[in-house]
Amino acid sequence: MTALSRASGRTVLQLAAEACRAALADAAEHTGGTVRPDAVLTYHLNDSAPVLYLARSLGLHEIGWHNEILGGGTQSASILADAAMLVDAGLARTVLVYRALNGRSGKRMNTLGLKLGEGTEEQFTHPYGMAGPVHQFALAGRRYLHDTGLAERHTHAVVAQSRAHAARNPRALRREPLDLAAYLDDPMVASPLRRLDCCQETDGACALVVTAAGRAPAAPRIHAVVRGGGPGASAMDKAADVTRIFSSYVAPPLYAAAGMKPGDIDVALLYDAYSWLVPRQLEDFGLVPRADLDGVLSGREIAWNGSVPVNPHGGLLSEGYVHGLNNVAEAVRQLRRTGTNQVGDAAVALCTGFGGGYGSAALLTAA
């Protein structure tokens, strides 16, 4: 990863190249030799450095399979499957994956424009206050909190724990402690979401290298990945339940594909774009029954040394926002036993990618 900031003063291409060089150098240490990618993948929302520009910056004179996937947080877990399939099919030996953006000083994702073609439907909801993702998911969040009986003290617990984790993470943007009084004084953006309930807007880049297990016997494994969804919070006018997000759709097939159950997960790297998404995913992935959410959140059992560790690096709420790929990077560290607030001898990590009713999830395992 690069340093995370709110004003990088650099181009997205420069950020991407720095993160990719660091990832390739790290991979070389684990494979015992120089690593040159023969495939490059990225995802973006028209806000990143093109693959071919990056290849040129890295001095790659030839490039094999390469792709730029249009999409945001939903891709952060599923792009691992795209890379793994290339390796498994014999189309590539080494796949470089990156996400780079100037998400604070450059193009920001907190507004929607009126347009034709893609995104046409937003022009009909925009006049009613749905001016961006915060407003859209606040509506779903309000209903979810009502249905579960969760309250401000529970969303505070999520954010406060992420700050406590970030306090020991030198990469994190937000490391200050957060008490309930300060949380309640924070400006409301769209009820029930305060500014503190929303993930960071960050300049930065993150990169990963995927290769065959035999080339890096000590590296964590991509064990199972799924992608899917339905008409949940990302298409509220078409959903019977606006609170039903991607995790309710992808959790069952993920466990089936992995041959695992919720009790096998040691650490959860959950896409915490908004605070209420943490309890929702804990429930959907079977990590905490709905009836126990109050006690788990109030008792800070989502701490790195709690019964259900969540985002021990601070997550998107506190470390920073590289569209979820920084959460995957922390999963790798945890499985290498070099993580921020290391969760014991973590052997299985859950990584999720959120996009409302659609998303992805991956289970990574230690070597």
Side-chain angles (χ1 to χ4, degrees), residues 19 23 37 39-48 51 65-89 91-92 94-101 109 133 199 205-211 213 220-235 244-260 265 267-273 277 280-281 284-285 311 315-316 321-332 335 348-365:
V40 184
L41 300 176
T42 190
Y43 61 99
H44 60 87
L45 291 172
N46 297 315
D47 59 355
S48 191
V51 163
W65 194 283
H66 56 284
N67 207 353
E68 298 177 25
I69 304 170
L70 183 64
T74 67
Q75 303 291 348
S76 60
S78 59
I79 199 167
L80 300 178
D82 295 314
M85 286 189 284
L86 288 174
V87 173
D88 192 56
L91 296 174
T94 303
V95 185
L96 178 63
V97 176
Y98 71 94
R99 177 70 172 105
L101 70 167
M109 289 176 279
C199 63
C206 183
L208 304 165
V209 174
V210 177
T211 190
R221 306 290 199 265
I222 300 171
H223 184 72
V225 187
V226 297
R227 179 177 177 83
S234 52
R244 191 178 181 191
I245 62 172
F246 79 101
S247 43
S248 68
Y249 297 101
V250 304
L254 178 69
Y255 288 129
M260 291 183 177
I265 294 173
V267 58
L269 286 304
L270 303 182
Y271 199 99
D272 53 337
L277 296 177
R280 175 84 241 204
Q281 291 177 75
D284 287 343
F285 282 103
N311 296 348
L316 310 182
Y321 186 75
V322 195
H323 241 148
L325 203 60
N326 53 313
N327 282 6
V328 180
E330 179 61 24
V332 173
L335 297 174
V348 179
L350 168 67
C351 300
T352 68
F354 168 76
Y358 299 85
S360 59
L363 286 172
L364 308 184
T365 59

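This chain uses plain numbering: 1 for the first residue, then up along the sequence.
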K.L.:
If only atom types and distance count, is the side chain of Gln281 paired as donor or acceptor with the main-chain N or O of Tyr271 below 3.5 Å?
P.N.:
yes
K.L.:
Within the 4.5 Å heavy-atom criterion, are Phe246 and Thr352 side-chain neighbours or not?
P.N.:
yes
K.L.:
Picking from Asn67, Val51, Leu96, what satisfies side chain to side chain contact (heavy atoms under 4.5 Å, CB included) with Leu41?
P.N.:
Asn67
K.L.:
Measure from the side-chain N and O atoms of Thr94 to the backbone N and O of Thr211, and report whether any donor-acceptor pair falls under 3.5 Å.
P.N.:
no
K.L.:
Show which side-chain atoms of residues 77-86 pair as donor or acceptor with protein atoms under 3.5 Å away, not counting sequence neighbours.
P.N.:
residue: Ser78; atom: OG; partner: Thr74; partner atom: O; Å: 3.3
residue: Ser78; atom: OG; partner: Gln75; partner atom: OE1; Å: 3.4
residue: Ser78; atom: OG; partner: Arg227; partner atom: NH1; Å: 3.0

K.L.:
Look up atom CG in Leu45 and atom CD1 in Ile69, then write down how far apart they are to the nearest 0.5 Å.
P.N.:
12.0 Å
K.L.:
As an exercise, state the distance from CG of Leu208 to OG of Ser76, rounded to the nearest 0.5 Å.
P.N.:
10.5 Å
K.L.:
How are the rings of Phe285 and Tyr255 set relative to one another: parallel (under 30°), tilted (30 to 60°) or perpendicular (over 60°)?
P.N.:
perpendicular
K.L.:
Go through the structure and list residues passing salt bridge (charged side-chain N to carboxylate O under 4.0 Å, His left out) with Asp284, not counting sequence neighbours.
P.N.:
Arg280
K.L.:
For Leu277 and Leu270, what are the C-alpha separation, side-chain angles and deciding distance, and is it a side-chain contact (heavy atoms from CB on, under 4.5 Å)?
P.N.:
CA-CA 8 Å; Leu277 296 177; Leu270 303 182; over 6 Å; no
K.L.:
Please find the pair of heavy atoms, one from Gly357 and one from Tyr249, that lie closest to each other, and give the distance.
P.N.:
O-CD1, 3.7 Å
K.L.:
Any side-chain heavy atom of Arg99 within less than 4.5 Å of one from Asp47?
P.N.:
yes
K.L.:
Aromatic rings Tyr43 and His323: how do their planes relate, parallel, tilted or perpendicular, breaks at 30° and 60°?
P.N.:
tilted
K.L.:
Does some side-chain heavy atom of Leu269 sit less than 4.5 Å from a side-chain heavy atom of Asn311?
P.N.:
yes
K.L.:
Could you give the distance from NE2 (His44) to CG (Leu70), rounded to the nearest 0.5 Å?
P.N.:
6.0 Å
K.L.:
Grab the two heavy atoms, one from Leu254 and one from Ala224, that are nearest each other, plus how far apart they are.
P.N.:
CD1-O, 3.8 Å
K.L.:
Please report the C-alpha distance between Val97 and Thr42 in whole Å, then the side-chain angles of each, then the deciding distance to 0.1 Å, and finally whether the side-chain contact (heavy atoms from CB on, under 4.5 Å) criterion is met.
P.N.:
CA-CA 6 Å; Val97 176; Thr42 190; over 6 Å; no
K.L.:
How far apart are the closest heavy atoms of Ala329 and Cys206, and which atoms are they?
P.N.:
CB-SG, 3.8 Å
K.L.:
How long is the span from the CD1 atom in Ile222 to the OG1 atom in Thr365, to the nearest 0.5 Å?
P.N.:
9.5 Å
K.L.:
Could you pull out the closest heavy-atom pair between Ser48 and Tyr98, with the gap in Å?
P.N.:
OG-CE1, 4.2 Å
